[in-house]
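A short write-up of the structure that comes next.
The first residue in the sequence is number 1, and the count goes up from there. Order of listing sets the numbers, starting from 1, for every ligand and every atom in it.
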Amino acid sequence: MIPKTNEEYKQEILRLKEKLDVTVVAHFYQRDEVYELADITGDSLELAMKTKEDDSEFVVFCGVGFMGQSVKVLTPHKRVVMPKIACCSMARMIDSIYFDDSVRFLEENGIPKEKILPITYINSNAEVKSKVGQMGGMVCTSANAKKIITNALKEGKKILFVPDRCLGQNIANQMGLKSMVIGEDKDIDPKDADIICYDGFCSVHQLFTPEDVEFYRKKYPGIKIAVHPECDPKVCDMADFVGSTSQLIKYIKSLPEDQKVAVGTEYNLVNRLREKNTYVLSSTKPECPTMNETTLEDLYNTLKAIEDGNPINEIHVDEETVKWARVALERMLEL
Ligand code: 13P
Ligand code: SF4
């Protein structure tokens, strides 16, 4: 039967999941109908850890490209397929050439390579992770960035943080450290900064503004403001709570039922958090366009292709890249 309606797709997906040696994985930002059919759900850190422990032959990853790549890097023997190979816009802002340019920028400003410790947010491709691994650096996610940076600082080196300037600046602010953004903070000498950030950002989390915070506080006095650290530092500085996806969920679920909260993160997640007293901190609908690309039809087509013995959208990463990207990811998981 070729499904036509959402219900028919759902029934076929359930049948294929039962029959095949597959695990369906979905990030919290996926559409509800896809999210509900996943065996493993979570934020990027949870997905990396849980999927590593899973032992099915195929991982069917509903998310963005760098997430599927991270599973392949951590478990190269597995076959990783993605219903849509959608690419996070922030991850696209840096590649290995821009990474090398950033290292060169620091060298030209009097910081030798051996004094640079690179840290890449997990939202980057495997080539960038591999470069970071080769230079002794590691990956972080928004859930563990503070811990990773605290640990890295013990090496007494300058931290080159890529690609999200907001996450780098927000962690620096929280820790009382000095940060600068390459190409933007031209009046700051990189030698005076502890964390030197690449100029990348998330197009979705940039939508939240200080005016949004003021608007909600004026409209609902006593409301709590909770935001993801990919938001602008000006917004994070005004918030009551700043945390990764899993930390936001925990915080919001811990609030008394009648406590109003406005949340600065992706729409699909906020929408399923709590029935009442929960608002999206924006007058727009901040959906991540690439996370939203994956549909039930895509998930069905991917599973059907496995059943037919001809998998589609399989993730491949070359051996040398896997080797060093894995080092960078494993350094994070060890911590
Ligand atoms: P998390 O690490 O919180 O899952 O964030 C990933 C992401 O892409 C947020 O925009
Ligand atoms: Fe990338 Fe932003 Fe989408 Fe997260 S919300 S996947 S950082 S574009």
Those atoms of ligand 1 less than 4.0 Å from some heavy atom in [X]:
X: His205; value: 10 (O)
X: Glu230; value: 7 (C), 8 (O), 9 (C), 10 (O)
X: Ser142; value: 1 (P), 2 (O), 3 (O)
X: Tyr29; value: 9 (C), 10 (O)

Problem - Parallel, tilted or perpendicular: rings of Tyr251 and Phe241 (30°, 60°) - result: parallel

Completion exercise
Near atom 3 (Fe) of ligand 2, protein N/O/S count under 2.8 Å comes to 1

Looking at ligand 1, does any of its N/O atoms fall within less than 3.5 Å of an N/O of [X]?
X: Thr245; answer: yes
X: Ser44; answer: yes
X: Ser244; answer: no

Check the side chains of [Y] and [X] for a donor-acceptor pair under 3.5 angstrom, ignoring hydrogens and angles.
X: Thr23; Y: Asp54; value: yes
X: Ser89; Y: Ser203; value: yes
X: Thr265; Y: Tyr29; value: yes
X: Gln247; Y: Ser244; value: yes

Problem - Short side-chain to backbone donor-acceptor contact, Lys72 and Lys78, under 3.5 Å - result: yes

Handout entry: Expected output: side-chain Asp212 to main-chain Phe208 donor-acceptor under 3.5 Å
Key =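 Not a single qualifying donor-acceptor pair exists.
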
Ligand 1 versus [X], non-hydrogen atoms closer than 4.0 Å: side chain, backbone, both, neither?
X: Met90; value: neither
X: Glu266; value: neither
X: Phe28; value: neither

Contact check, [X] vs ligand 1, heavy-atom distance below 4.0 Å:
X: Asn123; result: yes
X: His27; result: yes
X: His228; result: yes

Exercise for the section: For this output row, return yes or no: ring centroids of Tyr279 and Tyr220 closer than 6.0 angstrom. Expected result: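 Yes, close enough.
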
Handout entry: Heavy-atom side-chain contact between Ile13 and Leu303 under 4.5 Å
Key = yes

Problem - For Glu230, the ligand 2 atoms whose distance to one of its heavy atoms is below 4.0 Å - result: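 Every atom of ligand 2 under 4.0 Å from some heavy atom of Glu230: 2 (Fe), 7 (S).
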
Practice task
Inspect the contact between Lys304 and Asp308 and indicate whether a charged nitrogen and a carboxylate oxygen are less than 4.0 angstrom apart.
Solution key: yes

